[in-house]
Amino acid sequence: MRLSSYFMPTLKENPSEAQITSHRLMLRAGLIRQTSAGIYIWLPLGLRVMRKIEQIVREEQDRAGAQEILMPTIQPAELWQESGRYDAYGKEMLRITDRHDREMLYGPTNEEMVTDLFRNNVKSYKDLPKMLYHIQWKFRDEIRPRFGIMRGREFLMKDNYSFDIDADAGRISYNKMYVAYLRTFARLGLVAIPVRADTGAIGGDLSHEFQILAETGESTLYYDKEIENFDLASLTGEIDMQTIEKLQSLYAMEEEKHDPETCPVASGDLRTAKGIEVGHIFFFGTKYSDSMNAKVTGADGNLVPVEMGSYGVGVSRLVGALIEANHDDNGIIWPEVVAPYKVGLINLRTKDDHCTKACDDIYQKLSALGIEVLYDDRDIGAGGKFADMDLVGLPWQLIVGPRGLEKNLVELKNRATGDREELSLEDAISRLS
RNA sequence: CGGGGAGUGGCGCAGCCUGGUAGCGCACCUGUUUUGGGUACAGGGGGUCGCAAGUUCGAAUCUUGUCUCCCCGACCA
């Protein structure tokens, strides 16, 4: 992509409304723009990052045996009246009336809808287990949206729902998602600690939140320091049951679940930290299948309510969380797996025909190799290009100017380490492929 | 919802107290210059001051109402 024609409105100064780093950088690097409190437009660069995160989440869901569907954002109130949550949910639910005076709502989550789908179409234990997920926009009318995308009112969430014949099978589905989450966050290069959590409005007795440690986090965590021995950011391979059991046996609690009186961990071994909740998994059994009459015929011929769980990942929130975890004073530092482009090609002298020719040539070669390149071919000063490229945070910068070209050299800069290397054109291209 | 702060060109801000129809930096456009970390100079375009009502000869400035945004708290799949 040529920057001269790309929509990437960067800001030199910090917008006054943004307090935390990720919010500031998302505005400054041209990832998002706010339209009203907690509601944002995703600009090209931000959308590319979100799509990449979404894809990693999707791949791990599929790998765990879940099947992707797409449910609507607008739901009929009847389903929620049936489960009893229409009244229970309160003002966080955005209620809408259509032209026929029918009560509708913008979905904050989809348990009711997916339970309805299930009961209408699945009748036998032979069709179980099933896991159905979608990646869809949600709306929660938060009392106070804040921190940019991190606590927005509209947000993109992956939510998966499991259906099993009994509680034991349900626990297996739960653990499959537990593993999928460990792998998902590890692939994103994040250390996400699974902590036991309150089940809140969802209900049930088993729940883990996946928390990324960050000072700007809204949750408070207490955990056994032994958890730090797990290399959580590296769990991208097969994860055996032993690891799961060990990890789940260690003390790790979200604030509401932590009780200093009964905590078994010695105070010297107890860590406390702030965390950003990026995932939350629940096993709630028959809470919805009972109230909504979602039953299947068991092997013995009797009808039994299905055992269910639900599993959420805050996809849009992860964009912010990744920035909180990966930045410096100059801007964002994207991990390569989610970077909007892999390489930023900087033409230091667009008016120099030789230099521009060389850059055009590199751009074509890299593009032909399938490498995502953001090519700064704008007619502005070198300083601005360096500053923008650092701000936007692409993993590699390929800096090309007349001075180096005289010696047939270009400069390759690693955004994360700041290391620079002078290479021949050919070597630079092969290093990036 | 309780407490606090703020709405003046795209962004950051000054002006408001002591009313006289708007200013600075950045960004933008033109030209020259410069070019390896936001180059310099000159010229230029753009706002009626969140909205409404009121006071006044006259309101960005005073009064009242209202909307929006931000921060702290409560809240929170």
Side-chain angles (χ1 to χ4, degrees), chain A residues 9-20 23-24 27-28 30 33-39 85 88-93 107-112 138-148 150-153 155 157-161 197-204 207-211 217-220 254-256 276-284 287 309-315 317 329-331 346-352 355 376 378-391 397-407 409-411 413 418 420 422:
Chain A
T10 56
L11 303 171
K12 205 167 180 177
E13 295 178 84
N14 283 321
S16 60
E17 78 262 23
Q19 301 297 317
I20 66 166
H23 190 194
R24 277 205 306 268
L27 290 166
R28 285 193 51 204
R33 285 293 181 267
Q34 180 169 325
T35 68
S36 53
I39 304 180
R85 285 208 293 181
Y89 222 92
K91 288 187 174 171
E92 281 206 4
M93 180 184 282
T109 175
N110 288 67
E111 278 81 9
E112 283 80 358
K138 305 288 187 292
F139 193 93
R140 288 183 204 152
D141 202 356
E142 297 283 349
I143 297 172
R144 186 156 88 85
R146 63 183 116 178
F147 304 145
M150 302 276 265
R151 180 170 287 287
R153 292 194 290 174
F155 56 97
M157 178 163 120
K158 183 283 300 177
D159 41 324
N160 181 26
Y161 303 89
D198 203 52
T199 50
I202 298 292
S207 171
H208 284 89
E209 287 178 356
F210 288 75
Q211 296 272 358
E218 293 186 272
S219 312
T220 304
E254 203 272 326
E255 192 167 25
E256 275 88 54
I276 299 168
E277 180 191 349
V278 290
H280 200 161
I281 60 178
F282 298 88
F283 177 66
F284 47 73
K287 177 177 157 98
S310 71
Y311 316 90
V313 169
V315 175
R317 177 180 284 181
D329 288 345
N330 294 323
I346 298 180
N347 181 350
L348 286 174
R349 196 83 61 87
T350 53
K351 285 187 171 137
D352 180 313
C355 185
D376 194 345
R378 295 175 298 176
D379 183 21
I380 62 167
K385 296 190 179 188
F386 289 129
D388 267 352
M389 208 51 93
D390 281 349
L391 175 63
Q397 294 175 14
L398 192 53
I399 302 159
V400 181
R403 208 159 79 190
L405 285 177
E406 281 176 20
K407 296 170 285 180
L409 293 176
V410 295
E411 188 178 309
K413 176 182 161 185
R420 300 151 179 279
E422 293 224 296

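Throughout, a chain's letter reflects where its sequence line sits, starting with A, and its residues are numbered from 1.
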Re B:C17: Watson-Crick or G-U wobble partner, both distances kept under 3.5 Å, found to be none
Which nucleotide wins on minimum distance to the side chain of A:E17, given the candidates B:C1, B:C70, B:C11? B:C70
A:D379 atom CG is separated from B:U33 atom P, nearest whole Å, by 14 Å
What's the CZ-C1' distance between A:R144 and B:A74, to the nearest Å? 10 Å
Between A:F147 and A:Q19, is any pair of side-chain heavy atoms under 4.5 Å apart? no
Roughly how many Å is it from CD1 in A:I39 to C1' in B:U68, rounded to a whole number? 13 Å
What integer number of Å spans the P atoms of B:G5 and B:A59? 28 Å
Who does B:U35 pair with, Watson-Crick or G-U, both distances under 3.5 Å? none
Salt-bridge present (A:K91, A:D141; N to O < 4.0 Å): no
May I ask you to decide whether A:K413 forms a salt bridge with A:D390, counting only side-chain N to carboxylate O separations under 4.0 Å? yes
Using whole Å, report how far CD of A:E142 lies from P of B:C69. 14 Å
What integer number of Å spans the C1' atoms of B:U56 and B:C41? 46 Å
Please measure how far the C1' atom in B:C57 lies from the corresponding atom in B:A14, and state the result in whole Å. 29 Å
When you compare the side chain of A:F386 with that of A:N330, does any pair of heavy atoms fall below 4.5 Å? no
Taking the same atom, P, in B:A60 and in B:C49, what whole-Å distance lies between them? 6 Å
Are OP1 or OP2 of B:U68 and a side-chain N or O of A:S36 less than 4.0 angstrom apart? no
Separation of the P atoms in B:A22 and B:A74, to the nearest angstrom: 47 Å
For B:G73, what is the paired nucleotide under Watson-Crick or G-U wobble rules, both distances under 3.5 Å? B:C1
Does A:Q19 put a side-chain nitrogen or oxygen below 4.0 Å from OP1 or OP2 of B:C72? no
Can you tell me if the side-chain N/O atoms of A:R151 get under 4.0 Å from OP1 or OP2 in B:C76? no
Value rounded to 0.5 Å, distance of CG in A:L398 from CG in A:D376: 12.5 Å
Is A:S207 touching bases, backbone alone, or none of the nucleic acid, heavy atoms closer than 4.0 Å? nothing
Atom pair CD1/CG of A:I281 and A:D159 - distance to nearest 0.5 Å: 14.0 Å
Closest-nucleotide 5' rank along RNA chain B - winner of A:Y161 and A:T35: A:T35
Within the structure shown, what part of the strands sits under 4.0 Å from A:E13 by heavy-atom distance: base, sugar-phosphate, or nothing? base
How would you list, by chain and number, every residue that makes a side chain to side chain contact (heavy atoms under 4.5 Å, CB included) with A:I380, sequence neighbours excluded? A:R378, A:K385
Give none if B:G12 has no partner; otherwise give the nucleotide forming a Watson-Crick or G-U wobble pair with it, both distances under 3.5 Å. B:C24
Would you measure the distance from the C1' atom in B:C11 across to the matching atom in B:A27 and give it in whole Å? 7 Å
Is there a side-chain contact between A:P9 and A:R33 (heavy atoms, below 4.5 Å)? yes
What is the ring orientation for A:F210 with A:H208, classed by angle as parallel under 30°, tilted 30 to 60°, or perpendicular over 60°? tilted
Give me the distance, rounded to whole Å, that separates B:C67 from B:C51 when you measure between the C1' atoms they each carry. 7 Å
Spacing between A:R153 atom CZ and B:C76 atom P, to the nearest angstrom: 18 Å
Hey, does A:E218 reach any base, or is it just sugar-phosphate, or nothing, if we go heavy atoms under 4.0 Å? nothing
Expressed as a whole number of angstroms, how long is the span from A:N14:CG to B:G10:C1'? 16 Å
Just how far, in rounded Å, is C1' of B:C71 from NE2 of A:H23? 13 Å
Sort out the partner of B:G45 for me: Watson-Crick or G-U wobble, both distances under 3.5 Å, none otherwise. none
So, OP1 or OP2 of B:G73: does either fall under 4.0 Å of a side-chain N or O from A:R146? yes
5' to 3', nucleotides 34-41 of chain B under a 4.0 Å protein heavy-atom cut-off (B base, S sugar-phosphate only, - none) gives -BBBB---
Side chain of A:Q34, heavy atoms from C-beta onward: which of B:C1, B:C70, B:G12 has the nearest atom to it? B:C70
Taking only the P atom of each, what is the distance from B:G9 to B:G50 in whole angstrom? 8 Å
